[in-house]
Every structure is written in structure tokens, then in C-alpha cells.
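Contents: one structure, followed by commentary.
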Amino acid sequence: MRFDRSDAVFCHVTSLPGAYGIGDLGEGAREFLSFLGDADVDHWQICPIGPTISAAGESPYQSPSAFAGNPLFVDPEGLVDDGWLDRGDLEPVPEFPTDRVDYDAVREYKLPLLRTAFERFEERASEEDRATVDAFREREPWLPDYALFRALSDARPEDVWTEWPEPLRTRDPEALADAREEHAREVRFREFVQWTFDRQWRDLRSVAAEEGVSIVGDVPIYVALDSADVWASPEAFRLDEGNRPAAVAGVPPNAGDDGQRWGNPLYDWERLAESGYDWWLDRFRRLFELADVARLDHFLGFVKYWAIPADSDDPADGEWRDGPGRDLFETVERELGEAPFIAEDLGFEEPAMDELMAEFGFPGMRVPQYADWCAEGNESQPMHYGEGVVGYTSTHDTDTWGGYFADLPAEQRDCFRYNVGSDPDEPAEWAIIDAVWGSDAILAVTTVQDLLGLGSDARFNEPGTLDGNWEWRVTRDALDDEIADRLWELGGKHVR
């Protein structure tokens, strides 16, 4: 077991309070960490923190980079402190909504500020500042290709990279050199933004450490097709001679559904094994620069994966293929040490996956919203969680507990109250938090929405939809001392 008994609160960075339209790495994040510190909560769990794009519905799971940070998370106040912006540059601050993110409005406000900060850096930076950027570029080998990819994407906003001219698509060295020269300033801007993000994130991690809080990051197993990852490292993926996907990811049909075609390119695991899984090692190294623990999304894909021919729209045309399994994680342990991973194992029964998790001590996930409360011994009921799991009240992909409970049939509600020993007058959200905290799960997790008892209108994401997701935000005054005290008491009762 790689974890001590502990607790966590999920709140993605976008959901944090703040004055600039979206949660960022500034004062709102520090206040949230102070709240977690007051509550003596051990971990802060987040979604992936890479850039998002409007065409993908702002999903952090469809990012143009598995390595870069989201420019929208850069704190403008920090740029003032650095001397790259003046206080007056921030004015006027638009009247952003405080309870949700308007991504278009945030981009319209923040991106010009980032460009102004870059221009000031170009004009004023000392040799020491420039040397720091050079050192960051040297330390992060993904950065030059990422910056060039974003520059080329901006120059061709109507195209994904698989539609670029062949010399760029297939990374002809002469074409790349010409592109770096043509877009040199834009490349430097993208590198400056990532350097700034990295510095602010590291400062925030230091604040978290002072509060006794570690960060649980998130690793989507697949990356977006239109990403710097696939363009810059085609050898890591199953692509054809023109660097286009030969097969894509998804899941097969089950009883009652037609399966899903996700469309992400698949890994060339055989070639990756020959290279010592260098791309994945680089990804994990970067991850553990930014987080202390990592949730591995769709863990089944490391054991076996559903491969759908790229020219087919029907998930039923796919086939199961073997993933790398223990070989990958043995390599990770050998190169990086004993990595603290949480395995997202929901929805699939696969003995080989269970064996792999047990061998490496990766806890799986349990979510009580999947429980039949009237069935004896149901594994999704918190009283049946074992030590080898992480127990959640809700996740970023489910309804809030309040929304779920409001739609629960009366008989199921009665069985829930009976099973967790809850008084009918006790708020349902605190009944489930108490039950998860009181379970044997090695890690107990709730969401900010569940702490506040919010309903379905506060749901963070509804899988399979594009509109209205990833927008919810918490206000500054919502997370008060009373909630922190109640969490502190629960931790003392069940965890510490």
C-alpha cells in the first residue's frame, strides 16, 4: 500500500474563486488551500491542468498538450508583482460572473494581458531572467515543440495538424527550421507563458506544502489527436505513413448501448517498449513536478484497449488488444521510484486489471452513486469499501450528491438512511461524507459541491455533452469556518 489513511477535497482550478473570471494560481487558490489547512484535509484533487480549447468544450481531458499548463490559470496579480504588468494594465476588470466561467470573456481579457507581459519581458528582462527562461527550456524538452505547435495552430486556426502541408505534418527538418524562424516571436511568447505558469504553480505548491496539503493530479490515458503530443512524437502512436491515426480509442458495445468511439489516437506500445517507454516516463516526470499523487484515468487501457479502425464510425468494428501491463509500471518503478497512483477502474470487471493493481499497490475507486442501497453487500456502499480503494462521494463526471439524492426513489433513500445510520433530518450530503470518511477506504474524497449541499445545477461535467461543462465556480464566502470545522471533526473521528 502506497498511501496512508487520509482525506481529500476535489475542486478543479477553474472552480476556485477569484476576480478575473476563472480560478487561477493567485489569491483564490491560496485562500482555498488555507481552508483545507484549517480543515486539516490532506489532499487537494484536481482535473488535468493543461490548456483547453473551445472546440473541445473546454474539456481538460482533450488538451493540446499533456505537458503544458493552462495559460488561463496564470494570475495577473503575479505578473504585476514580477514587473511585467502595471497595475493599470488590469483595469477595467470586466464584470465576470462569480458562479461560473465564461471562457470566451476570460480569453478576451487575459490573453492580451499575457501578450503585454511578454512584450514587457522582451523589452525589460535582465540577463538573469532570460537565463531562467533558457534553463526552463533546457529542463523541459517538450517545450520547444509545444510552442511551435501552438504557433502553427494559430496560423492555421481552421485546420487540425493532420491537415497541415505534408512537410509540416510529417516533421520534415527543413520545414520545421523554416517554421521556427517564421514564427520565432510567437514561439517565444508561448515559452514565456509556460515559464510563467510553471513558476506560479511551483509557488502554489509551496503554499500547499506549508498548509500540509498534497496535490492529486490527473492523467488521461489518451491524448487529443490535435495535440503537440501526437504531432511532436508520432513514433509513440499508431499512425500511418502520413502521420494520421491508423486506429482510434473507444469502448465496445454492451447490453443497452452501442459502445463509444472516442477518436483519440492509440499508442504503439511495442515501439514504446523498445524505447523503454521514454514518452511515458517523460510524461510522468512532468506530472510529478506538478503533483504529489496521480489518478490514472481509464486504467483498463494499460491492460487491454479497444482499437477501432480510424475509417470506421462504428465502435462494434473494434477489437481488444493487449496493453503494456506490468512491464510499463516495472519500468516506471525502476526509473522514477514507487509512484503513488490511483487507478480509475470504474465500470469494468477485468481480473488482469485487478491483479495489476494489487501487484503494484494501486487503489481503485468506489463511488456510492453507483450503489443499490437495498442490496446486501453491494460493493459501492461505503460500509463495504476495503482498504485498497479510494472512496468518493461524487466525482467530476457524476451528478452532485444533492442532485443524485433528489432523484433517488423513496425506497432507495430509506435503504440509504438505514445502511449508513443517518437520521432523516440530517442533510444527505453530510450523511454520505460521514459514511465515506467512516469507511475502510485508504483515501476518502468529497467535492466542494457536496460540502455545500448543492444540486444538479452545480454539476461540473456531464459526459457525452459539450455545452455547459467545466464552468461551475465556488464563491469566496461559501467555504466558511463552519464547514472547515465540520471537516476537521470528521477527520479526527475517522482518519487521524
Describe, in one word, how the ring planes of [X] and [Y] are oriented to each other, choosing from parallel (under 30°), tilted (30 to 60°) and perpendicular (over 60°).
X    : Y    : value
Y20  : Y109 : parallel
W269 : Y267 : tilted
W84  : F192 : perpendicular
W280 : F284 : tilted
F67  : W279 : perpendicular

Examine distances only and state if a side-chain atom of [X] and a backbone atom of [Y] form a donor-acceptor pair shorter than 3.5 Å.
X    : Y    : value
Y392 : T446 : no
E344 : L346 : yes
N264 : V223 : yes
K110 : P71  : no
R413 : P424 : no

*State which residues pass salt bridge (charged side-chain N to carboxylate O under 4.0 Å, His left out) with D292; sequence neighbours excluded, sorted by chain then number.*
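Salt bridge (charged side-chain N to carboxylate O under 4.0 Å, His left out) check on D292 returns R205.
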
*asked:* How close do R150 and P64 get, counting heavy atoms only, and between which atoms?
replied: NH1-CG, 3.6 Å

*What heavy-atom pair brings T393 and Q369 nearest, and what distance separates the two atoms?*
O-NE2, 3.7 Å

Counting C-beta onward and ignoring hydrogens, is there a side-chain heavy-atom pair between [X] and [Y] closer than 4.5 Å?
X    : Y    : value
L79  : L114 : yes
R286 : D282 : no
E289 : E140 : yes
V474 : P17  : yes
S422 : W430 : no
S233 : W142 : no
F3   : P363 : yes
R473 : T14  : no

Flag if over 12 foreign heavy atoms under 6.0 Å of [atom1], [X]:
X    : atom1 : value
E91  : CD    : yes
D322 : CG    : no
Y418 : OH    : no
W488 : CH2   : no
D407 : CG    : yes

*Sequence neighbours excluded - ring pair (Phe, Tyr, Trp, His ring centres under 6.0 Å) pairs with any residue from residues 30-53*: F32-W44

Assess, by modelled atom type and distance only, whether the side chains of [X] and [Y] contain a donor and an acceptor separated by less than 3.5 Å.
X    : Y    : value
Y61  : H298 : no
D372 : Q381 : no
D477 : T475 : yes

_Single hit among T447, L454, L452 for side chain to side chain contact (heavy atoms under 4.5 Å, CB included) with D450_ = T447

*Test ring pair (Phe, Tyr, Trp, His ring centres under 6.0 Å) on F348 and W320 and set out the steps.*
CA-CA 14 Å; F348 293 95; W320 286 113; 7.1 Å; no

_side-chain contact (heavy atoms from CB on, under 4.5 Å) assessment of W472 paired with R459_ = CA-CA 7 Å; W472 181 84; R459 181 170 182 161; over 6 Å; no

_Test: side-chain hydrogen bond (donor to acceptor under 3.5 Å, both in side chains). Region: residues 62-76. Which pairs qualify, not counting sequence neighbours?_
none

*Identify whether the distance between the nearest side-chain nitrogen and carboxylate oxygen of D229 and R283 falls below 4.0 Å.*
no

*For the pair E58 and R107, find out whether any cationic side-chain nitrogen is under 4.0 Å from an anionic carboxylate oxygen.*
yes

_Residues that Y103 engages under ring-ring contact (aromatic ring centres under 6.0 Å, His included), provided they are two or more places apart_ = none

*What pairs meet the disulfide (SG to SG under 2.5 Å) rule with one or both residues in residues 338-393, with sequence neighbours excluded?*
C374-C415

Between side-chain atoms of residues 324-336 and protein atoms elsewhere (two or more places apart, or another chain), which donor-acceptor pairs fall under 3.5 Å?
{"residue": "R326", "atom": "NE", "partner": "E359", "partner atom": "OE1", "Å": "3.4"}
{"residue": "R326", "atom": "NE", "partner": "E359", "partner atom": "OE2", "Å": "3.2"}
{"residue": "R326", "atom": "NH1", "partner": "E330", "partner atom": "OE2", "Å": "2.7"}
{"residue": "R326", "atom": "NH2", "partner": "E330", "partner atom": "OE2", "Å": "3.0"}
{"residue": "R326", "atom": "NH2", "partner": "E359", "partner atom": "OE2", "Å": "2.4"}
{"residue": "D327", "atom": "OD2", "partner": "Y277", "partner atom": "OH", "Å": "2.6"}
{"residue": "T331", "atom": "OG1", "partner": "D327", "partner atom": "O", "Å": "2.8"}
{"residue": "T331", "atom": "OG1", "partner": "R334", "partner atom": "NH2", "Å": "3.4"}
{"residue": "E333", "atom": "OE2", "partner": "R2", "partner atom": "NH1", "Å": "3.3"}
{"residue": "E333", "atom": "OE2", "partner": "R2", "partner atom": "NH2", "Å": "2.3"}

